[in-house]
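First the structure, in the form of structure tokens, and then the observations on it.
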Amino acid sequence: MPELPEVEMARRYLEGATLHQTIEMAEVRDERILFKVSARILEEALAGQQFFSALRHGKRLFLEVHDALWLALHLGLTGNLIYLESEAALPRHTRLLIAFENGRALAFDDPRIFGEVSLTKSPQTFLEERKIGPDAQQIDRDGFLRIMSGRKGLIKPALLNQSLVAGLGNLYADEALFQAGISPEARGLDEVQLDALFSSIQEVLWTALSTNADLEKLPDSYLLAHRHPGGRCPRDGSLLLREKIGGRTSYYCPEHQKKSC
DNA sequence: AGTACCACCTGACGGC
DNA sequence: TGCCGTCAGGTGGTAC
């Protein structure tokens, strides 16, 4: 379920659980999780090493192995990182297992295999190669306006485009648009709208993180608490619309989310 | 530059 | 109980 807040939780988890432990061995249990690296190369690169830090950019995670080698992780739709105490049963869909000399292990569980594991020289190199834009929580207002203004397409696909701004997914994009009062089908937003959208994005991400990315704990005033067929807008009671926009299911309020100013 | 598909996978859920 | 269609919070590629 990973968008920026969930991935940030995963980063903190990795940071708290997996640093500074010597890796006894890494085992790729399903090669389909790998991106442009072979199981053998990855396993050999990790054996005997330690992780020294955990970074996140957008939805990407990076574990530092040494100054010129990082393990890059992406959780996809169903990826989950689990630190195992010794003897614990492996999660059912463990695609990568990293066993430490202290008997603990890190499992990358991912039923649908939309996740990704690779190696890179540095996070910066990785982000450039993959054309990933600035992180949604690090970008400032001016940067956001610069990137988003003058675009002709629908706003929602733009928010989901990780090469523009990285970290928003389908749910939080809907939420930010809802709070800013902008239709997902709006296009050519003016400066005032983009400004409101930027504020909403920051507010939504901050709030999500403050609940430890637990969607259940979001305020009732949020769209996400009502984002299901038959749900009603917590602001004005309108029946929420559900529509495919840019190929993704979108919920929005026809009453207060406008297509134009 | 934008859009509209398709593909990659598996599991959960509702209807019959 | 079981089969079937549909849906899912991500990303990449290709064709127009």
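Order of the sequence lines fixes the chain letters, A, B, ..., with proteins taken first and strands second; residue numbering starts at 1 for each chain.
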Report yes if the side chains of [X] and [Y] come closer than 4.5 Å at any heavy-atom pair, otherwise no.
X	Y	value
A:Leu159	A:Ile201	yes
A:Asp190	A:Gln193	yes
A:Ile147	A:Ile139	yes
A:Ser53	A:Trp70	yes
A:Cys233	A:Glu255	no
A:Tyr222	A:Leu215	no

[X] has an atom [atom1]; how far is it from atom [atom2] of [N], in whole Å?
X	N	atom1	atom2	result
A:Asp109	B:dG11	CG	P	10 Å
A:Arg248	C:dG10	CZ	C1'	6 Å
A:His228	B:dG14	NE2	P	14 Å
A:Ile132	C:dG12	CD1	C1'	12 Å
A:Lys36	C:dG12	NZ	P	10 Å
A:Glu31	B:dC8	CD	P	18 Å
A:Leu75	C:dG9	CG	C1'	12 Å
A:Glu243	B:dA4	CD	P	12 Å

Could you measure between the two [atom1] atoms, the one in [N] and the one in [M], and give it in whole Å?
N	M	atom1	answer
C:dC3	B:dC9	P	24 Å
C:dG9	B:dT3	C1'	22 Å
C:dC7	B:dC5	P	15 Å

Go through the steps for A:Arg141 and A:Ser199 under the test side chain to side chain donor-acceptor pair (under 3.5 Å), then give the verdict. CA-CA 8 Å; A:Arg141 194 173 290 270; A:Ser199 299; 3.2 Å; yes
Is the CD atom of A:Glu243 crowded by more than 12 outside heavy atoms at less than 6.0 Å? yes
Please list residues of residues 149-172 of chain A whose heavy atoms come under 4.0 Å from any atom in DNA chain C, ordered by number; otherwise none. A:Gln162, A:Gly169, A:Asn170, A:Leu171
Tell me which residues in residues 196-209 of chain A lie within less than 4.0 Å of DNA chain C, going by non-hydrogen atoms. none
Does [N] have OP1 or OP2 sitting under 4.0 Å from an N or O in the side chain of [X]?
X	N	answer
A:Lys244	B:dA4	no
A:Thr249	C:dC7	no
A:His74	C:dG10	no

I want to verify a distance call: between [options], whose nearest atom is closest to the [X] side chain?
X	options	result
A:Arg60	C:dG9, C:dG12, C:dC7	C:dG12
A:Arg227	B:dG11, B:dC9, C:dG9	C:dG9
A:His93	C:dA8, C:dG9, B:dG11	B:dG11
A:Arg187	B:dT3, C:dG9, B:dC9	B:dT3
A:Lys59	B:dT10, C:dG9, C:dT11	C:dT11

Contact class for A:Lys131 vs. all strands (heavy atom < 4.0 Å): base, sugar-phosphate, or nothing?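 The answer is nothing, as A:Lys131 stays clear of every strand by at least 4.0 Å.
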Could you walk me through whether A:Asp109 and A:Arg92 pass salt bridge (Lys or Arg N to Asp or Glu O under 4.0 Å), step by step? CA-CA 7 Å; A:Asp109 185 69; A:Arg92 186 161 160 207; over 6 Å; no
Is the ring centre of A:His74 less than 6.0 Å from the ring centre of A:Phe114?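 Between A:His74 and A:Phe114, the centre distance exceeds or equals 6.0 Å.
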Rounded to the nearest 0.5 Å, what's the gap from CG on A:Asp174 to CZ on A:Arg242? Could you check? 11.0 Å
Could you identify the nucleotide paired to C:dC7, looking across every strand shown and requiring Watson-Crick or G-U wobble geometry with both distances under 3.5 Å? B:dG11
B:dG2 pairs with which nucleotide, Watson-Crick or G-U wobble, both distances below 3.5 Å? C:dC16
By centroid distance (under 5.5 Å) and plane angle (under 30°), are A:Phe114 and B:dC9 in a stacked arrangement? no
